[in-house]
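Below, all heavy atoms of this structure are taken into account, side chains as well, without hydrogens, waters or symmetry copies. When a residue number appears, it is its place in the shown sequence, counting from 1. All of these numbers come straight from a predicted model, not from anything done at the bench.
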Amino acid sequence: MAEYVVDSTGDNAAHGVDLIDGDEPAVRMIVHGDLPATIDHDGRTWAQTGDAEDQGDDAPPIAVYRPV
């Protein structure tokens with residue numbers, strides 16, 4: 001199970017994000033603070049889909065982004 005980190009002040013939650021493009025393996029990253037509508041990564045723009053991958057019991061879901 002993944003652990004989610006907060007900054008030293010304890011008020012900046014981190015969120016898991018998967019960048020998914022077809023059948024390619026997802027790129028998983030951690031985003032601190034609020035999730036943005038889009039993420040620029042590796043020369044591409046990725047948009048939040050509103051979908052999430054359930055991680056089970058106590059772990060927060062992983063937000064899904066796809067290329068624009």
Side-chain angles (χ1 to χ4, degrees):
M1 178 185 313
E3 289 186 34
Y4 292 85
V5 180
V6 294
D7 68 9
S8 61
T9 63
D11 63 359
N12 189 9
H15 305 277
V17 170
D18 275 354
L19 306 180
I20 299 176
D21 186 11
D23 293 335
E24 296 293 319
V27 173
R28 182 160 288 173
M29 60 179 53
I30 302 294
V31 174
H32 291 274
D34 294 331
L35 288 175
T38 61
I39 294 175
D40 292 325
H41 173 72
D42 202 23
R44 298 171 77 184
T45 300
W46 303 77
Q48 188 174 21
T49 65
D51 296 331
E53 296 178 15
D54 183 17
Q55 297 300 301
D57 297 331
D58 293 328
I62 304 292
V64 175
Y65 284 68
R66 295 197 183 270
V68 175

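- In this structure the side chain of R44 reaches within 4.5 angstrom of the side chain of D21, judged on heavy atoms.
- In terms of heavy atoms, A63 sits closest to Q48 at CB-NE2, 4.3 Å.
- I20 and I62 fall into different hydrophobic clusters, defined by Ile, Leu, Val, Met, Phe, Trp and Tyr side-chain heavy atoms under 4.5 Å apart, directly or through other members.
- For A52, the side chain to side chain contact (heavy atoms under 4.5 Å, CB included) test picks out P61, with sequence neighbours left out.
- With hydrophobic clusters built from ILVMFWY side chains whose heavy atoms lie under 4.5 angstrom apart, Y65 shares a cluster with V31.
- Cluster annotation: I39 is connected to L35 through the hydrophobic network of ILVMFWY side chains, with a link wherever side-chain heavy atoms come within less than 4.5 Å.
- Distance alone, capped at 3.5 Å, places no donor-acceptor pair between the H15 side chain and the D34 backbone.
- Between the side chain of T49 and the main chain of V64, a donor-acceptor pair closer than 3.5 Å is present.
- Minimum interatomic distance between R66 and G22 (heavy atoms only, all atoms of both residues): NH1-N, 4.4 Å.
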